[in-house]
Amino acid sequence: MNMNPNKYQAGYYPVSEKYTKWVKKDRVKEAPVWCSVDMRDGNQSLVIPMSLEEKLKFYNMLLKIGFKEIEVGFPAASETEYEFLRKLIDDKLIPDDVTVQVITPCREHIIRKTFDALKGAPKAIIHFYNSVSVAQREQVFKKSKEEIKEIAIEGAKLVKELAKDFEGELRFEYSPESFTGTEPEFSLEVCNAVLDVLEPSENNNVIINLPVTVEMSLPHVYASQVEFISENLKYRRYVTLSLHPHNDRGTGVADTELALLAGAQRVEGTLFGNGERTGNVDIITLAMNMYSHGVDPKLDLSNIPEIAKIYENCTRMHVHERTPYAGALVFAAFSGSHQDAIAKSMKWREEHSVDRWNVPYIPIDPRDISRTYDADVIRVNSQSGKGGIAYLLEQNYGYVLPGEMREHLSYLCKGISDNQHKELKASDVYDIFKENYFNCDKPVALEDINFRQRKNGVSGDVVFKKGNQHVSIHASGNGSLDLISNALKELTNTDYRLKVYTEHSMHGSGSQSVAAAYIGLEGNDKKIYWGAGTDTDIINASAHALLSAFNNMYRAMNTYKI
C-alpha cells in the first residue's frame, strides 16, 4: 500500500467562528448574477478546443439560455480566442443587454493587448487577477506579501488608466487567485487595496471575485471565508461579490450554495461543470436546485436535452448518465417499489388535480425540462415491478389491467429483460402484452354469436372454429359472456372457473368508443390464465378475452383433448 495520509495537512485558513450567520438560512431565495465561463474555463480544458464555428454555436446557446454576462475568452493568450472576440464585436453579435467578459493576469503587456482586443465592444468586463496564496508566494513567485499586493495594485492602476480611453461601458473585476489557499485577512487586504485604486461608486460597480481555484476545505469553511470578506470589504455597497468555484473535492455546488447564503451575489461557472481538472461549478445543477425550491433561476433551462446535445457536439465531452437533472438516467425508476410509488402518486395527482409537485423519488417534474415520463421516468428491466409496467401500458396505450394480471405481465417482461440483458421500452412492453394476451385463437377461435334475451337470461348459438372445422353449439347463460363460456366448455369438454373479469372504455365516445375486457380463468391446476380483448362492442371484447384466456390455459396445461 503506497497511500500515506500523513503527508497531507490542511492547506486552508479558517476564519473566526463569528462568521457563521449563513448557517441560519435554509435556502438560496433569489438567483445570483450568472456569468458563464464556458468559452474560457470550459474551453481551455478541452483536449481539442472549440473551433470558431463551434464557439459561435455555443455562444448563441448561452444567449438563448439567458446569460447576461459571458466570459468569451483570454484574447491575449490565443489567436482563436482573439479572433472570436473580434468577430463578436465586428459583426455586432453582442446583444444590448449582454456584457462580454475577458480575463488577463496582472501583467502589463497582456493587459494592454487585452484592451486592444476589446476595441469597439459596446460594453465589457475586464477581469484581472494575480495569485496570492501561500504556496504560490513561497514556491512560484518567491515574493513577500507586500510585493504580491503591489502586483495587484499596479494591475488595478493600469486597467483604470487604460479604461479612460475605452469608448464603451467598462466594469472592473478583480480576483485574488487561489483565494482558498490564502490567509483570508491577506486576501481582504489585497482586495481592499485594489478597491482603493478603482474607487467603486454608484456609477462604478466593481466585482470582487473569490475563486475556489482549488477546493481545499469543506464547504462550510469557504462559506465563512466569504462571509468574512463580505462583511469587511470596503465600498461594500458598490461592490458585487462573486464566486468562481472549482470542483476538486466534488463539492463545488455545495461551496457555491453556502457562499451565496454568506453574502455572495454572483456566480461564475459552466454548463455541466466542464473546466480544468475536475471542472468548474455546474451552473445547471445550481439553477435547477434553486428551481426545485420554488426560486426562479432567471435562466431558461426548459429544454435541457437540447442544451446537452449542443454541449456534447461542441465540446466532444459527455454528459454523464447520472449528472443531476440532465443525465439520461437521473429520473429513471427501474426498482419495482419505486415504480409502484411513482405510478400511484401520478394517479393520485390526477384524481386530486394537484399543482404542487410532490412525487416520491422525483424532485422536479421532468416535463419542465423537456423530459418525458415514459422515456425518462418509468424504465423496465429485470428489476422492475408490476406498478411501473402497468403505468407504461396505461399512459401510452390506455390499458388498465386488473392487479393480478399486472403481476403476471411483469414476470413475463422481467424474464425477457433478464434473458436478453436489455432494458424494455414502452413499445416492447406493449408488444409482449399483445403477443401473450390478445387474439390467442389456437386451438379454438370464435367465429359468430347469435343469441336472444330470455326471461331468465339468454340463449343462442355460438360458432367456433376448431382446427379446420366450424362447430355450432347451442347454449344458454345468465348473460352473453356466460353463454359463450358454457358453449366453450361443452365444445371442449373442459372445466374452469371465471375468477376475474374487468372492463373499461379506452378512448373515443359513442359508437366509436373502444372497450377493453380482461379475463382470468382458473384451471384445474388452480392457476390463473389471462386473456384480453378490445372491440367497439363490449360483448365481442369480452368474448375475445375469454377465448384468449382459455387458449393460454390449454397451451400451458396441454391436458385437454380437443
Side-chain angles (χ1 to χ4, degrees), residues 3-15 19-20 22-23 28 32 34-38 40-46 71 103 127 129-140 174-188 190-191 208-230 241-289 317 320 322-324:
M3 297 182 70
N4 177 19
N6 294 324
K7 69 180 180 182
Y8 299 101
Q9 60 182 353
Y12 57 88
Y13 300 86
V15 295
Y19 294 103
T20 54
W22 58 268
V23 173
V28 178
W34 300 109
C35 177
S36 160
V37 294
D38 292 89
R40 195 261 298 183
D41 273 19
N43 181 50
Q44 69 184 17
S45 60
L46 299 176
E71 190 171 86
I103 187 168
H127 180 187
Y129 68 92
N130 68 306
S131 185
V132 298
S133 72
V134 174
Q136 296 260 39
R137 294 195 316 256
E138 294 178 350
Q139 303 170 33
V140 180
Y174 172 71
S175 286
E177 188 194 356
S178 300
F179 169 79
T180 45
T182 307
E183 310 91 332
E185 296 79 9
F186 181 58
S187 292
L188 178 67
V190 174
C191 289
I208 290 294
N209 188 55
L210 304 178
V212 183
T213 308
V214 177
E215 275 193 315
M216 295 181 172
S217 68
L218 272 67
H220 74 284
V221 174
Y222 178 60
S224 293
Q225 291 170 336
V226 170
E227 187 173 301
F228 167 77
I229 298 292
S230 179
L241 192 58
S242 179
L243 310 170
H244 185 108
H246 281 256
N247 198 43
D248 302 87
R249 290 171 54 91
T251 58
V253 169
D255 285 336
T256 309
E257 290 181 323
L258 297 189
L260 287 171
L261 297 180
Q265 302 149 292
R266 180 178 183 267
V267 173
E268 295 185 348
T270 60
L271 303 184
F272 307 112
N274 188 32
E276 291 182 287
R277 304 183 313 278
T278 54
N280 293 68
V281 69
D282 181 355
I283 284 182
I284 288 181
T285 298
L286 280 169
M288 292 307 303
N289 282 355
M317 298 286 283
H320 192 274
R322 301 296 181 189
T323 300

Legend entry - Any Tyr129 side-chain heavy atom under 4.5 Å of Ile103 side chain: yes
Inset, instruction - Report the residues that fulfil side-chain contact (heavy atoms from CB on, under 4.5 Å) with Ser45, sequence neighbours left out, ordered by chain and then residue number. - result: Asn274, Glu276
Legend entry - Asn247 and Thr278 side chains, donor-acceptor separation under 3.5 Å: no
Inset, instruction - Could you grab the distance from atom NE2 of His320 to atom CZ of Phe272, nearest 0.5 Å is fine? - result: 14.0 Å
Legend entry - Distance, nearest 0.5 Å, that separates OG1 of Thr180 from CD of Glu177: 9.5 Å
Legend entry - Sub-4.5 Å side-chain heavy-atom contact between Tyr12 and Thr182: no
Legend entry - Verdict with reasoning, Tyr13 to Val221, per side-chain contact (heavy atoms from CB on, under 4.5 Å): CA-CA 9 Å; Tyr13 300 86; Val221 174; over 6 Å; no
Legend entry - With sequence neighbours excluded, residues passing ring-ring contact (aromatic ring centres under 6.0 Å, His included) with Tyr19: Phe228
Inset, instruction - For the residue pair Ser175 and His127, confirm or rule out a side-chain donor-acceptor distance under 3.5 Å. - result: yes
Inset, instruction - Report yes if the side chains of Phe179 and Thr213 come closer than 4.5 Å at any heavy-atom pair, otherwise no. - result: no
Legend entry - Gap between atom CG of Leu261 and atom OG1 of Thr256 - 0.5 Å precision: 11.0 Å
Inset, instruction - Report yes if the side chains of Thr323 and Asp282 come closer than 4.5 Å at any heavy-atom pair, otherwise no. - result: yes
Inset, instruction - Report yes or no: do Thr251 and Glu215 form a side-chain donor-acceptor pair below 3.5 Å? - result: yes
Inset, instruction - Please report the closest heavy-atom contact between Pro245 and Val212, naming both atoms and the distance. - result: CA-CB, 3.5 Å
Inset, instruction - Taking side-chain contact (heavy atoms from CB on, under 4.5 Å) as the test, write out the residues that go with Asp38, two or more places apart. - result: Ser36, Phe58, Leu62, Thr270, Leu271
Inset, instruction - Measure the OG1-CD distance between Thr285 and Glu257 for me, rounded to the nearest 0.5 Å. - result: 9.0 Å
Inset, instruction - Taking only Lys NZ, Arg NE, NH1 and NH2, and the carboxylate oxygens of Asp or Glu, determine whether Glu183 and Arg137 approach each other closer than 4.0 Å. - result: yes
Inset, instruction - Please name the pair of heavy atoms, one in Thr20 and one in Ser224, separated by the smallest distance, quoted to 0.1 Å. - result: CG2-OG, 3.8 Å
Inset, instruction - State, without any angle test, whether Glu268 and Asn280 hold a side-chain donor-acceptor pair at a distance under 3.5 Å. - result: no
Legend entry - Side-chain donor or acceptor of Gln265 paired with backbone N/O of Leu241 under 3.5 Å: yes
Legend entry - Value rounded to 0.5 Å, distance of CD in Gln139 from OG in Ser133: 8.0 Å
Legend entry - Non-hydrogen atoms of Pro176 and Leu210 that approach each other most closely: CG-CD2, 4.2 Å
Legend entry - Beyond-backbone contact of Cys35 with Arg266, side-chain heavy atoms, under 4.5 angstrom: yes
Legend entry - CD1 on Ile208 to OG on Ser242, rounded to 0.5 Å: 9.5 Å
Inset, instruction - Look at the aromatic rings of Trp22 and His220 and report parallel, tilted or perpendicular, splitting at 30° and 60°. - result: tilted
Inset, instruction - Answer with yes or no whether the side chains of Asp255 and His246 bring together a donor and an acceptor at under 3.5 Å. - result: no
Inset, instruction - Give the intermediate values and the outcome of side-chain contact (heavy atoms from CB on, under 4.5 Å) for residues Leu218 and Arg249. - result: CA-CA 8 Å; Leu218 272 67; Arg249 290 171 54 91; 3.2 Å; yes
Inset, instruction - State, with a plain yes or no, whether a side-chain heavy atom of Arg277 is found less than 4.5 Å away from one of Val214. - result: yes
Legend entry - CA sep, side-chain torsions, deciding dist, call: Gln225, Ile229, side-chain contact (heavy atoms from CB on, under 4.5 Å): CA-CA 6 Å; Gln225 291 170 336; Ile229 298 292; 5.7 Å; no
Legend entry - Heavy-atom check, side chain of Leu286 versus side chain of Trp34, under 4.5 Å: yes
Legend entry - No-hydrogen, no-angle side-chain donor-acceptor test under 3.5 Å, Tyr174 and Asn130: yes
Legend entry - Any side-chain heavy-atom pair of Val140 and Ser131 under 4.5 Å: no
Legend entry - Check against side-chain contact (heavy atoms from CB on, under 4.5 Å), Leu260 and Leu243: CA-CA 8 Å; Leu260 287 171; Leu243 310 170; 4.2 Å; yes
